[in-house]
There are 2 protein chains.
Amino acid sequence: MAYRISSMKRKVTLKEIARELDVSVSTVSKALRNSKEISQDTIDKVQAFAKLYNYRPNNIAISLKNRRSKNIGVIVPELSHMFFTQVISGIENIANANAYNVIICVSNESFQKEVINMEMLANGSIDGFIIAISKETQLKRDFHHLREVINQGMPLVMFDRVSEEIYCDKVVVDDAQAAYNAVRYLISTGCSRIALLSTPDHVSVGKLRTLGYMNALQDAGIEFNENLVVKANSDEECEEGVRKMLKYRVVDGIFAVNEIFAVIAMREAQRKQFRIPDDISFIGFTDGNISKYANPPLTTVVQHGYDIGQHAAMKLIAKLEEQEPDDHFTTEVIKTSLNLRESTKSLTK
Amino acid sequence: MAYRISSMKRKVTLKEIARELDVSVSTVSKALRNSKEISQDTIDKVQAFAKLYNYRPNNIAISLKNRRSKNIGVIVPELSHMFFTQVISGIENIANANAYNVIICVSNESFQKEVINMEMLANGSIDGFIIAISKETQLKRDFHHLREVINQGMPLVMFDRVSEEIYCDKVVVDDAQAAYNAVRYLISTGCSRIALLSTPDHVSVGKLRTLGYMNALQDAGIEFNENLVVKANSDEECEEGVRKMLKYRVVDGIFAVNEIFAVIAMREAQRKQFRIPDDISFIGFTDGNISKYANPPLTTVVQHGYDIGQHAAMKLIAKLEEQEPDDHFTTEVIKTSLNLRESTKSLTK
DNA sequence: TATTAACACGAAAACGGTTTCGTAACTCAA
DNA sequence: TTGAGTTACGAAACCGTTTTCGTGTTAATA
């Protein structure tokens, strides 16, 4: 297809415009930026030519010159969780409004991939990081890669899964408080035998949500019963745990630390002919599609991922644009709320 | 915190290493790459120093020099669909294996954002595109941004939502065939009054899946009944349409062009006390979490997003690495399969 | 008419690398 | 002793920009 090849307008550079118009590269550059150093005649000529040939400055060259890329790197453990995609949307919103581009990388919950991704991005491709660390990283407690980029003077904002060991800006939800509120809500609708579906303790959010659960019980004068706690590593463990619990224990409310465990439990309850919410009420963490389209639709703790993303991006950009680096870091706590749907009863007057 | 600042090792460059070791920049560069032009002594000295100061070459500089970034740009309409995140995983898999980095951008189903994102990335940040165009772009049929990057000599691979107007490599699922198979399956399990839940016709995949539905009916000798078709733009329209249909028509099978419409329909059926799958069977397109965690779990058409991503990445990288650009483009059709779950009956012998 | 200021532009350095080419110093054989 | 061939390195160009500074030309002023 010689036609296509010959019709190809290869990307035009300043140098080519300069040669074609018989002026210097500097003149072209200035003319394009409407410098008052350049005569109106020349400006018009250059801009017309640039437009004709669809000139676009090369981002890479500009990044090199300015020593900043106007890119923000985002690293998330996975994309399949609605929460993370909401955070990404929030980040994009603020970033784009400030002329920043967002580069997303996925660690896949792997420490190794997290390190690789960070190293790849840290060498000039981005100006700062927004990251939620992987489960594996939380388990290993190895944060050298985070320390390294911070030491290089690159701003970093952590969200959701954070570490107190790292000194940087953070945006989190108050997991303990959110869980507390959810369980209190169950209690206020008349539940008293409330089960907890959780993950192993090394996942920071699992631990905190468990804490909130226990506090809520205590404040309501309900005794903690460890037979009503299921800790699961997988869907299957969760299903099995719930099955046994429903068989041997009386339960009238279930609080799950994520939406998947919640719908698994609902399914199990429905198999056993429990009515939802009349016999058992359910609340899950994370307001995603799974909850929204569950039957009945699941009441959830909404973490406002979009807001979290916005705040994280605002913090990062503030750090990026400040003149003299300051070493003052803050942790922002985003309030959660309950999205009441049909898996819970109404408040009893 | 003067301590932290003073402990900051700013990024070290070749020039600084050269100055420190009193050799030239070229020598340092060569030494780091084990050039045989350089004596072993010098190599050792330089590499030791580089390691000590944790030298990492600046990607931006290398990109500028090589005129290639080793980055692949991926543009998807949204991240909240499992299908797209699966595709992204597949792309990442192949890309990383070939030392390419993946930059993800989200068009949010907006033509405008799609154009902006493409222009942003096209100016040096990436070497090639993998894209599924937005609904709005499909509606407007305005593909100038795609044509532009192609004309600039940048390889582009389209997937899922493609356009015949654009001449490039493509990876698609055979939507019509997949729908055909799904509906034939419903028929083979004894369904004969099968409803279709679809989207407006301008969405290419909606049209094709509708076609497959009609062909399946025809081949089975079942007359097409337009009263059994619901075309919806939103969840609400879908719910309303299904409600009416179940009220006035006899239906024993429902095929939906996405998983959300399918679970909405299931919920509606359950409200009306239909048993699933005994009274009505359901199949949805897209094998995501919503289907997996529905109750009952939904039988779906699985599009093998991971495979699609892998193939798209392979095609793109092949184009990127070939010596002389060839203008031969292919369209690859990835086979779908059915993930049989509890929303459908078993095959009748 | 001589001096100065404004104007319009180009040369060159810089960002951080890679690579080509030139060359000083040394080794070795004739 | 001379010529050729190695060895080990540096200078410079280059990728595509931006920006500082210098300068020739013209216009305005004394």
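Throughout, a chain's letter reflects where its sequence line sits, starting with A, and its residues are numbered from 1. From a predicted model like this one, the values you see are computed outputs, not experimental measurements.
Atom NZ in A:K45 sits about 13 Å away from atom P in C:dA8, given to the nearest Å. Rounded to a whole Å, the CZ atom of A:R19 is 11 Å from the P atom of D:dG16. The distance from atom NZ of B:K15 to atom P of C:dA14 is 6 Å, rounded to the nearest whole Å. Rounded to whole Å, the distance from CG on A:D44 to C1' on C:dA8 is 15 Å. For the pair A:L14 CG and D:dT19 P, the computed distance is 12 Å after rounding to whole Å. Residue A:L64 contributes atom CG, which lies 12 Å from atom C1' of D:dC14 at whole-angstrom precision. Distance NZ (A:K36) to P (C:dC7): 11 Å, rounded to an integer number of Å. Whole-Å rounding puts the A:R67 CZ to D:dG16 C1' distance at 17 Å.
Evaluation of the salt bridge (charged side-chain N to carboxylate O under 4.0 Å, His left out) rule for A:R19 yields no partner, not counting sequence neighbours. Residues that satisfy the side-chain contact (heavy atoms from CB on, under 4.5 Å) test with B:K135, not counting sequence neighbours, are B:E109, B:R161, B:V203. Every residue meeting the side-chain contact (heavy atoms from CB on, under 4.5 Å) condition with B:I62, not counting sequence neighbours, appears here in chain and number order: B:P57, B:N66.
Among the atoms of the strands shown, only primed sugar atoms or phosphate atoms (P, OP1, OP2) are found under 4.0 Å from some heavy atom of A:T13. Across all strands shown, A:R56 has heavy atoms under 4.0 Å from sugar-phosphate atoms exclusively, and none from any base.
Although no hydrogens or angles enter the test, the distance criterion places a donor-acceptor pair under 3.5 Å between the side chain of B:S69 and the main chain of B:S125. A donor-acceptor contact shorter than 3.5 Å links the side chain of B:N117 to the backbone of B:V106. Side chain of B:D169 to backbone of B:V171: no donor-acceptor contact under 3.5 angstrom is found. Put simply, the side chain of A:E114 never gets that close to the backbone of A:T137: no donor and acceptor are under 3.5 Å apart.
A sub-4.0 Å separation between OP1 or OP2 of D:dT19 and a side-chain N or O of A:R33 is present.
Taking the charged nitrogens against the carboxylate oxygens, A:E332 and A:K315 do have a contact shorter than 4.0 Å, which makes a salt bridge.
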I'd like a list of close polar pairs between nucleotides 9-11 of chain D and the protein, N/O only, cut-off under 3.5 Å.
unit_1 : atom_1 : unit_2 : atom_2 : d
D:dC9  : OP1    : B:T42  : OG1    : 2.8
D:dC9  : OP2    : B:S39  : N      : 2.9
D:dC9  : OP2    : B:S39  : OG     : 2.9
D:dC9  : OP2    : B:T42  : OG1    : 3.1
D:dC9  : N4     : B:E37  : OE1    : 2.5
D:dG10 : OP1    : B:S24  : N      : 3.3
D:dG10 : OP2    : B:S24  : N      : 2.9
D:dG10 : OP2    : B:S24  : OG     : 2.8
D:dG10 : OP2    : B:T27  : OG1    : 2.1
D:dG10 : O6     : B:K30  : NZ     : 2.5
D:dA11 : N7     : B:S26  : OG     : 3.3
D:dA11 : N6     : B:S26  : OG     : 3.2

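Rounded to 10 degrees, the angle between the two end axes of the helix from C:dT1-D:dA30 to C:dA30-D:dT1 is 80°, with five pairs used at each end.
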Could you list the donor-acceptor pairs under 3.5 angstrom formed by side chains in residues 84-94 of chain A, with sequence neighbours left out?
unit_1 : atom_1 : unit_2 : atom_2 : d
A:T85  : OG1    : A:M82  : O      : 2.8
A:S89  : OG     : A:T85  : O      : 3.2
A:E92  : OE1    : B:K113 : NZ     : 2.9
A:N93  : OD1    : A:Q310 : NE2    : 2.9
A:N93  : ND2    : A:Y306 : OH     : 3.3

